[in-house]
Amino acid sequence: MVRLIGFFVGLGFIFALLYAILVTPLAIEHNATEEFHLEPRPLALASNGVFGRFDTAQLQRGLKVYKEVCAACHGLSQVRFGQLEALGYDEGQVKALAAQFQVPSINPDTGEPATRPALPSDHFPSPYPNEVAARAANGNALPPDLSLITKARHGGAAYVHSLLTGYRNPPANLPAELRPATGLHYNPYFANLNLAMPAPLASEGQVTFDDGTRATVDQMAKDVSAFLVWTAEPELPRRHAYGWAVLGFLFVLSVLAYLSYRSVWADKKGH
Amino acid sequence: MSFPWAKNYAPQHPLMQWMDEKLPLPRFVYNAVGAGYPVPRNLNYWWNFGVLAGFALVIQIVTGIVLAMHYYASTGGAFNSVEHIMRDVNGGWLLRYAHMNGASFFFIVVYTHIFRGLYFGSYKAPREMIWLLGVVIFLLMMATAFMGYVLPWGQMSFWGAQVITGFFSAIPLVGETLREWLLGGFAPDQAALNRFFSLHYLLPFVILGVVILHIWALHIPGSSNPTGVEVKDEQDTVPFHPYYTAKDGFGLTIFLILFFALVFFAPNLLGHPDNYIEANPLSTPAHIVPEWYFWPFYAILRAFTGNFMGIDAKLWGVLAMFASIALLFFLPWLDRSPVRSATYRPLYRKFFWVLVADVALLGVCGVMPASQPWIILSQIGAIYYFAHFLIILPMISRNERALPMPTSITAAVLGEGAAKTADKAASAA
């Protein structure tokens, strides 16, 4: 009985599927956006790979790019100033750095809304008080928070680097409906090819690096991408170090476990 | 339960003797997973996965309890509380990555365990109840994993919840009301997040309870084995401890190496980047995809694209998706072949491997966008899936000619001649 009912249930689903095959057009849809969209170019960073660690000099340069360029529109709300000690700054430097940012507060005498200089325990403040203000200032586009951006996009840091250096004039054969509308900018690394952000890193020397590194557009883009890997995964070097210790321990344990398995089974023929 | 030659628990120490009189818990453990449980001597490495699944459940419960101490189930605070765990809680990143990848590894070992059961016919009499309880565990795992994925309140959390709870609205007449009642609103929001958190904490303990029933049911007929031949006498078995504790111990170290390699070096490999974007009900992601372990079922859901026989395509998809799991409950009665192991079923073995390839194909279709050629591939994949269990399996079990089987487990291990000699020696003794 079970087999009989099962047989007819199975036939029901199979006929429904055969019918679905018949009514679904087989033609592969042509997607013009995909034709012009580019995958991120590979980016070599010190944090890549299973031995990856951070290059603190690069992170400091990246922080400077963020502070002087990106921070105008993008927040970094998950990061506390105090964490910047991981970039090689001492406590005093972190305090001075935090104090350059204003965070919302209240006037202690009147209770009126006010601002005060940030402390190391504060998170990076958002450049806009709320989403409406952010959209109003950016032609209805919302600049995303950058704290997790390298984990939140396919391609991670390579995507950020490619996007920042990928602005160009639309190719001549680009169909009219894919051409950037007013206020949009063509960038083949962006999912739908046109984004509201104009090229933020436009010219060499836009940021002056304290360590004398030549601030080409590519260098600035690389450094800020490296910095954003740190903001997304500050635990990365510790994670890799723990990983090798744990795997080393487990490797020895697995050898011992295998030997004890063989020794326990030694009296059983045929194993 | 168990075999007459099973070792008897005989505590030596006065404290253990006292304990055995008052509450024989050590005796229970001894008979369940100790020297008191005789197990076929020929189990291969595929038999490690039950213990590994149990271990994965323990990883999930332990990491999950600690994560719940720091997590905050609110639509405004959940996403930030997960980042707080990742950044500010001591070892929080390790706990969270272990829990995230622990879910994936739980499914990897459980899928292996299920396919082992399919290959070696572990679902057949007298072990039907073990299989039925296993399917219950699998369903509970799917519900738990789905609700857990909603908790970080990222984009995929939110939109996944939207899509999955949307299944209920396909039910005629009461669907929409039922969906609103389950969610506590018109869309996933605070009410849904709170109840998902509550149930996500509850269900693992329900799973634990059913696991205990699963093991209890296993101990009545005893473990199956790769030949499918039942245990005949003492020389066919070895005590679980130390023989299989040693073998499972080695398997466990390999499992942990693979698990921690992923946790420490590629923790986000199996996740979706969109879940690092906070949930936004006003912005739909370009492609909504569930976690990898749901891809084959998601492909079956989406394969139904026509309103056949006056039934809406969406309802067909939802019915088929539930049926694809529900049919496993009937498997012991769909397959009537008296031969358990596919080793001796040449025809079934071929179809088994086609099924494995078919589920892999459905998995790929599930992650791809709903466009050709993936639609037709998922339709073909779904046709085979239902045909395999509901048509092919019942038919071949009538006509298949099985290969000659060993006369006993010992004969399979030592060869027929050696087994007879050992038999004589045993009866002489």
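The sequence lines fix the lettering, A, B, ..., with proteins before strands; numbering per chain opens at 1. Worth saying up front: this structure is predicted, and the values here are computed from it rather than measured.
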By a 4.5 Å heavy-atom criterion (distance strictly below it), what part of [X] contacts chain B: side chain, backbone, both, or neither?
| X | value |
| --- | --- |
| A:Val246 | side chain |
| A:Phe249 | neither |
| A:Val50 | both |
| A:Leu17 | both |
| A:Leu256 | neither |

Heavy-atom pair count under 4.5 Å with chain A, highest-scoring of B:Val263, B:Asp335, B:Asn307
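Sorted descending by pairs with chain A, the first entry is B:Asn307.
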Looking at B:Phe330, B:Tyr385, B:Trp316, which one has more heavy-atom pairs under 4.5 Å with chain A than the rest?
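Looking at each option in turn, the highest pair count goes to B:Trp316.
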Side chain proximity check, [X] to [Y], heavy atoms < 4.5 angstrom:
| X | Y | answer |
| --- | --- | --- |
| B:Arg87 | A:Pro234 | yes |
| B:Met309 | A:Tyr19 | no |
| B:Tyr243 | A:Lys268 | yes |

CZ/A:Phe251 to CG/B:Leu256 distance, rounded to the nearest 0.5 angstrom?
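These two atoms lie 15.0 Å from each other.
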Could you give the distance from CD1 (B:Ile383) to CZ (A:Phe15), rounded to the nearest 0.5 Å?
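These two atoms lie 10.0 Å from each other.
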Quick one: does A:Arg3's side chain have a donor or acceptor within less than 3.5 Å of a partner on B:Trp333's backbone?
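Checking the backbone N and O of B:Trp333 against the side chain of A:Arg3, a donor-acceptor pair under 3.5 Å is found.
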Please answer whether the main-chain N or O of A:Pro25 pairs with a side-chain N or O of B:Gln372 as donor and acceptor at a distance below 3.5 Å.
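Checking the backbone N and O of A:Pro25 against the side chain of B:Gln372, a donor-acceptor pair under 3.5 Å is found.
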Side chain to side chain contact (heavy atoms under 4.5 Å, CB included) assessment of A:Trp265 paired with B:Val238
CA-CA 10 Å; A:Trp265 282 80; B:Val238 291; 4.1 Å; yes
Can you confirm whether or not the ring centre of A:His240 sits under 6.0 Å from the ring centre of B:Phe264?
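They do not qualify: ring centres at least 6.0 Å apart.
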